[in-house]
Amino acid sequence: MIDLKILRDDPERVRASQRSRGEDESIVDLLLAADEARRSAESNYGALRNEQKDLGKLIGPLQGRLKKAADNERAAISAEIDTLMAGASDLADRVKAAEAQRDASDTSAQALLGRLSNLIDPAAPVGGEDDFTVLEHVLTPRDFAAEGFAVRDHVELGEILGAIDIERGAKVSGSRFYYLTGVGALLEFALINHAISLACGNGFIPMIPPALVKPAAMEGTGFLGQAAENVYRLEADDLYLVGTAEVPLAAYHSDEILDAATLPRRYVGYSPCFRREAGSHGKDTRGIFRVHWFDKVEMFSYCDPADALNEHARLLGWERQYLDSLEIPYRVIDVASGDLGASAARKFDIEAWVPSQERYREVTSTSNCTEFQARRLRVRMRDGEGVRPLATLNGTLVAITRTMVALLENHQQADGSVRVPAALQPYLGGREFLTPLT
RNA sequence: GGAGGCGUCGCCUAGUCCGGUCGAUGGCGCCCGCCUGCUAAGCGGGUUGGGGUCUCAAAAGCCCCUCGGGGGUUCAAAUCCCCCCGCCUCCGCCA
């Protein structure tokens, strides 16, 4: 959620942000009114409650005196108590009514506030999905025609290598499921270990978080708004399957106050990711590019809001370092306002070159969520100034399936074997090539 | 799944039977001041978080809420009643 002070002081800024996301800006005025109502209900309740407590302060000591009093004083004290009690019951009713009104107005203001997305960073390009800005290209895609052979896609390569079994994935679990087999399974472990060791080297604390979370964690990270249809929910237990380790890593410090001196706190989490892919029927149906489940190594950082911009650049830097080590051509894009998640103020994607599609496709993504998630999850920091929300940021180090697609296709050889980049070889027992089964 | 115990403002802790000077005790830690050549000790003070009000804004002040969470009883709830959650111990089951 955003800071209500900003909403009160500069509602136009919030409207503009909503507009640039292509989201409802009428919430702003509804929320302003709801906030006003909430505050007046709060004052009203506070005043009545104060009155009631004052009364209690008079009655209490009298009750005490009554217990100890001699018989001849009893009647007088009782009479005094009765006088005070006369309006007490009526006052209690009014307190109760004011409290109910306070709670109701608070609930409706809170509900509206929960529907507002994060404020867009003014530096982000404005527009929809296709209005991103390309920041940089790294490496040049291979010219397979010049090398004299036809490109095989990852499905074909996966089959030849005995690495990916899509047919049986579908048989057992349905479409958009797969098995990683043989070198495919080994390749996952190699990619994971390489990523974790890179992150640990950069000071991250490795984490294996729960992949099943309570509604508060899902809500707090902003995935139950527009993204809700893509989240798996376990009805019987009221739990959600996470679509990214960002969720349990963000909720890790919920309801906590962290000492500013311990920031930034950087965690790297390895978890399965589950996505319903609602509304993407017919899109990327071939292979493992778009699937309902994959494993991922995700970086997550809690930092001082003043440092968030720099931290975002650092996360992007580590993503690049990883892809550089895999020797895969890619480009970095600055994602446009209309294509950002509810929590993100700004987002950079790295898109790897996919030879079979002859285009760049998203393999990693890093978002600066500023204080948005921290407010919803009540993660705060304390420094000399006091207590206030901190900033959270996240970034993909490796999303297994998409990285595997890029790796297999970019490093394929004429005979169907795949070259293993040097950085990955130690994690594959020194193997320089993945070779066809027969 | 069954039985029992526990949950207090950073940590530990008093209070809960018998509702009102608990509107929460004491210790540790931490912060500020005094003393001291410095440090320690000692002395004095402070130390949950949130909301509201006031203000251009902030601080101070004042008010309300906050004793795991939610509801109830009552003029009044840490304290009584109900539901839920978490932790611990034992039993059962199990990877």
Side-chain angles (χ1 to χ4, degrees), chain A residues 1-11 13 31-69 74 77-114 208 210-217 219-220 236-240 248 251-263 265 272 371 374-390:
Chain A
M1 64 186 71
I2 66 158
D3 187 353
L4 269 177
K5 273 202 194 85
I6 293 177
L7 185 94
R8 283 179 209 138
D9 297 347
D10 191 2
R13 184 177 157 201
L31 181 52
L32 278 171
D35 179 50
E36 192 56 48
R38 185 197 116 251
R39 285 190 292 163
S40 93
E42 177 70 45
S43 299
N44 183 241
Y45 168 72
L48 283 170
R49 180 69 180 143
N50 184 227
E51 205 178 310
Q52 187 182 43
K53 290 177 78 173
D54 283 344
L55 186 60
K57 271 180 236 180
L58 296 175
I59 295 173
L62 282 174
Q63 293 283 13
R65 271 173 57 200
L66 184 63
K67 278 180 198 149
K68 290 180 224 153
R74 286 242 160 96
I77 297 173
S78 280
E80 212 176 325
I81 291 174
D82 289 346
T83 313
L84 290 171
M85 289 281 219
S89 181
D90 175 58
L91 179 59
D93 287 344
R94 282 186 291 143
V95 168
K96 207 161 262 186
E99 188 183 16
Q101 194 175 18
R102 194 266 317 256
D103 291 345
S105 65
D106 192 55
T107 305
S108 52
Q110 208 59 40
L112 284 165
L113 184 57
I208 299 183
L212 225 40
V213 300
K214 296 198 271 191
E219 182 86 61
D237 300 285
D238 200 18
L239 289 170
Y240 293 89
Y252 185 66
H253 285 302
S254 53
D255 288 308
E256 293 182 25
I257 299 173
L258 307 180
D259 184 342
T262 67
L263 302 176
R265 292 214 196 185
E371 295 112 296
R375 279 215 172 75
R376 303 183 127 208
L377 292 164
R378 294 166 308 280
V379 190
R380 290 161 295 171
M381 56 180 260
R382 191 202 313 272
D383 60 11
E385 311 283 288
V387 174
R388 60 182 185 282
L390 44 67

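Residue numbers start from 1 in every chain, and the chains themselves are labelled A, B, ... in the order their sequence lines are given, proteins ahead of strands. Since the model is a prediction, treat every value here as computed from it, not as a measurement.
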Nearest listed nucleotide, side chain of A:Ile257, among B:rC75, B:rG49, B:rU53 = B:rG49
What is the pairing partner of B:rG1, taking Watson-Crick or G-U wobble pairs with both distances under 3.5 Å in any strand?
-> B:rC91
Restricting both atoms to N or O, compile the protein contacts to nucleotides 81-88 of chain B shorter than 3.5 Å, with distance only.
none

Interatomic distance at C1', B:rU8 relative to B:rA3, whole Å = 27 Å
Please determine, for the side chain of A:Gln52, which listed nucleotide (B:rA76, B:rG49, B:rA58) has the closest atom?
-> B:rA76
Test item: A:Met381 and A:Asp259 side chains (from C-beta on) under 4.5 Å apart, heavy atoms = no
B:rG37 - base-pair partner by Watson-Crick or wobble geometry, distances under 3.5 Å | none
Residue matched to B:rC11 through Watson-Crick or wobble contacts both under 3.5 angstrom | B:rG27
Just by modelled atom types, is the A:Gly114 backbone N or O under 3.5 Å from a matching donor or acceptor in the A:Arg376 side chain?
-> yes
Can you find a pair of side-chain heavy atoms, one from A:Val95 and one from A:Tyr45, that are under 4.5 Å apart?
-> yes
By nearest-heavy-atom nucleotide on RNA chain B, the more 5' of A:Asp103 and A:Arg39 is A:Arg39
Round to a whole Å and report the spacing from CG of A:Leu91 to P of B:rC75.
-> 11 Å
Distance, C1' atom - from B:rG19 to B:rC80, rounded to whole angstrom | 8 Å
Specify the residue among A:Ser40 and A:Val387 whose closest nucleotide of RNA chain B lies further upstream toward the 5′ end.
-> A:Val387
Step through the shown structure and confirm whether more than 12 heavy atoms of other residues, nucleotides or ligands are within 6.0 Å of CD on A:Gln101.
-> no
Please state the P separation for the pair B:rG61 and B:rC75 - nearest whole angstrom.
-> 35 Å
Which nucleotide in the list B:rA58, B:rC64, B:rA76 gets nearest to the side chain of A:Ala92?
-> B:rA76
Check whether any side-chain N or O of A:Asn50 sits under 4.0 Å from OP1 or OP2 of B:rC63, and answer yes or no.
-> no
Applying side-chain contact (heavy atoms from CB on, under 4.5 Å), run through A:Glu371 and A:Arg388 and close with a yes or a no.
-> CA-CA 9 Å; A:Glu371 295 112 296; A:Arg388 60 182 185 282; over 6 Å; no
Span that lies between the C1' atom of B:rC22 and that of B:rC84, in whole angstrom | 27 Å
May I ask you to test the A:Leu4-A:Arg38 pair for a side-chain heavy-atom distance under 4.5 Å?
-> yes
Watson-Crick or G-U wobble mate for B:rG86, both contacts under 3.5 Å = B:rC6
If only side-chain N and O atoms of A:Lys5 are considered, is one of them under 4.0 Å from the OP1 or OP2 phosphate oxygen of B:rG51?
-> no
Would you mind reporting whether A:Ile6 and A:Arg13 have side-chain heavy atoms less than 4.5 Å apart?
-> yes
Please write out each protein N/O paired with an N/O of nucleotides 65-69 of chain B under 3.5 Å, distance rounded to 0.1 Å.
unit_1 : atom_1 : unit_2  : atom_2 : d
B:rC65 : OP1    : A:Arg49 : NE     : 2.3
B:rC65 : OP1    : A:Arg49 : NH2    : 3.0
B:rC65 : OP2    : A:Lys53 : NZ     : 2.7

Length of the CG-P vector between A:Asp54 and B:rA76, whole Å = 14 Å
How long is the line joining CD of A:Glu99 and P of B:rA76, in whole Å?
-> 11 Å
